[in-house]
Amino acid sequence: MKHIQVLRSNELFSLWDPTAIQQQGQIILSYCISGTTKVAINTTNYFVSPGTLLTLLPQSLVLNQQPSVDFQCVHLVFSFRAIDEMILPTNYNFLSVLVEQPLVVLEQEDRSLFEQYIALFQQQESTDSIFQVDALRYLLYSFIAHINRVYQQEEGAMQPSSRKDVAVFQFYNLLHQYYLVEKSVNFYADQLKLSPKYLTTLIRQRTGKSISKVIRELVLIKAKTYLTATDFPIYQIAEQLHFADATTFCRYFKTYVGHSPMKYRQIHR
């Protein structure tokens, strides 16, 4: 599969469906061209209309879609690897911001700009050239810069990325790909060619949290979403989250949430 794809569709993707085209490790930017749809993403209900941009990460569960007959959107699907060398004056935790706030309604001037980007992506993807891969990647960088601008309105407080900022962004990039299956500091340090001690110190300086806590927060977001938005049995949720068995998952969940998974489901359904 290509690292960057442009797809047109009359529905949104359902990221929790293992048979869907998008798999763990991919990001989907969905831009609504026409029509409307109601959708639940991670248990929160949203209304999508023309000019709406949705950013879906692997943590996103897309449920209960209700598209109108004229609903159309364009999906920009790309892997985390496509942006692992991106250097922008961005919030190191920008990916986590997108998990919490996946939808933004663009102002009219931004809509025109974003639609031009979509047209460029579609044009470039159909171009058979040795430069196609690089052209798509740099176009993607530019597009993400504008998305970052939409979310980060206080640009005056932002600074160009330092080497440390790039390392932290790359850590989060890897984290969102592997947090369910790789929970050790050593794995991320090896991938980034840093010492575990240095990476641990760097993440704590930037976030005030240990790496284990950062990982745990992502795991619990996904666990809570499964429990409240689906009817999956506990053993199946444990499998989806890569726990050894349901007992281990239940013990882990109760330790950090204070309720058993079943009790949490009863309270929040």
Rounded to the nearest 0.5 Å, what separation is found between the [atom1] atom of [X] and the [atom2] atom of [Y]?
X: Phe169; Y: Leu175; atom1: CZ; atom2: CG; result: 12.0 Å
X: Cys32; Y: Leu103; atom1: SG; atom2: CG; result: 10.0 Å
X: Gln65; Y: Tyr46; atom1: CD; atom2: OH; result: 14.0 Å
X: Asn10; Y: Ile33; atom1: CG; atom2: CD1; result: 11.5 Å
X: Ser212; Y: Ile203; atom1: OG; atom2: CD1; result: 12.0 Å
X: Gln191; Y: Gln170; atom1: CD; atom2: CD; result: 11.0 Å

Min side-chain heavy-atom separation [X]-[Y] under 4.5 Å:
X: Leu7; Y: Ser9; answer: no
X: Lys222; Y: Gln240; answer: no
X: Phe78; Y: Leu29; answer: yes
X: Arg8; Y: Gln122; answer: yes
X: Leu220; Y: Tyr252; answer: yes
X: Phe171; Y: Ile211; answer: yes
X: Ile41; Y: Leu54; answer: yes
X: Tyr179; Y: Glu217; answer: no

Counting N and O atoms only, with roles assigned by atom type, does the side chain of His259 sit under 3.5 Å from a partner on the main chain of Arg265, one being a donor and the other an acceptor?
->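 Absent.
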Gln26 side chain to Val77 main-chain N or O, any donor-acceptor pair under 3.5 Å?
->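 No, because the side chain of Gln26 does not come within donor-acceptor range (under 3.5 Å) of the backbone of Val77.
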Which one of Lys224, His242, Lys183 satisfies the side-chain contact (heavy atoms from CB on, under 4.5 Å) criterion with Val219?
->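 It is Lys183; the other options fail the test.
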Centroid-centroid distance, Tyr117 to Tyr31, less than 6.0 Å |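 So the answer is no for these two rings.
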Same apolar cluster (I L V M F W Y, side chains within < 4.5 Å links), Tyr138/Val6 |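 Yes; Val6 is reachable from Tyr138 via cluster members.
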Single-linkage hydrophobic cluster Leu139~Leu113, side-chain heavy atoms < 4.5 angstrom |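 Leu139 and Leu113: one cluster.
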Test log, rule side-chain contact (heavy atoms from CB on, under 4.5 Å), inputs Tyr188 and Leu194 = CA-CA 8 Å; Tyr188 298 100; Leu194 301 172; over 6 Å; no
Taking atom [atom1] of [X] as the centre, report whether more than 12 heavy atoms of other residues, nucleotides or ligands fall under 6.0 Å from it.
X: Phe187; atom1: CZ; value: yes
X: Glu107; atom1: CD; value: no
X: Tyr178; atom1: OH; value: no
X: Ile130; atom1: CD1; value: no

Mind listing the closest non-hydrogen atom pair of [X] and [Y] along with its distance?
X: Ala246; Y: Ala238; result: CA-CB, 3.8 Å
X: Thr52; Y: Ser49; result: OG1-O, 2.8 Å
X: Ala223; Y: Leu241; result: CB-CD1, 3.6 Å
X: Glu182; Y: Ile215; result: O-CD1, 4.3 Å
X: Arg206; Y: Lys164; result: NH2-CB, 3.4 Å
X: Pro50; Y: Ser34; result: CG-CA, 4.0 Å

Before giving the answer on side-chain contact (heavy atoms from CB on, under 4.5 Å), spell out for Val105 and Arg111 the whole-Å C-alpha distance, their side-chain angles and the decisive distance to 0.1 Å.
-> CA-CA 9 Å; Val105 180; Arg111 293 185 193 185; 4.0 Å; yes
Quick one: do Met262 and Ile234 satisfy side-chain contact (heavy atoms from CB on, under 4.5 Å)? Show the steps, please.
-> CA-CA 8 Å; Met262 188 60 70; Ile234 301 302; 3.9 Å; yes
Worked check of side-chain contact (heavy atoms from CB on, under 4.5 Å) between Phe253 and Ile237 = CA-CA 12 Å; Phe253 191 89; Ile237 295 175; over 6 Å; no
Among side-chain atoms of Ser68 and Asp70, is any donor-acceptor pair under 3.5 angstrom?
->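 Note: Ser68 and Asp70 side chains meet the donor-acceptor criterion.
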Considering the options Phe249, Tyr226, Tyr235, which one meets the ring-ring contact (aromatic ring centres under 6.0 Å, His included) requirement together with Phe243?
->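 Considering Phe249, Tyr226, Tyr235, a ring-ring contact (aromatic ring centres under 6.0 Å, His included) with Phe243 is found only for Phe249.
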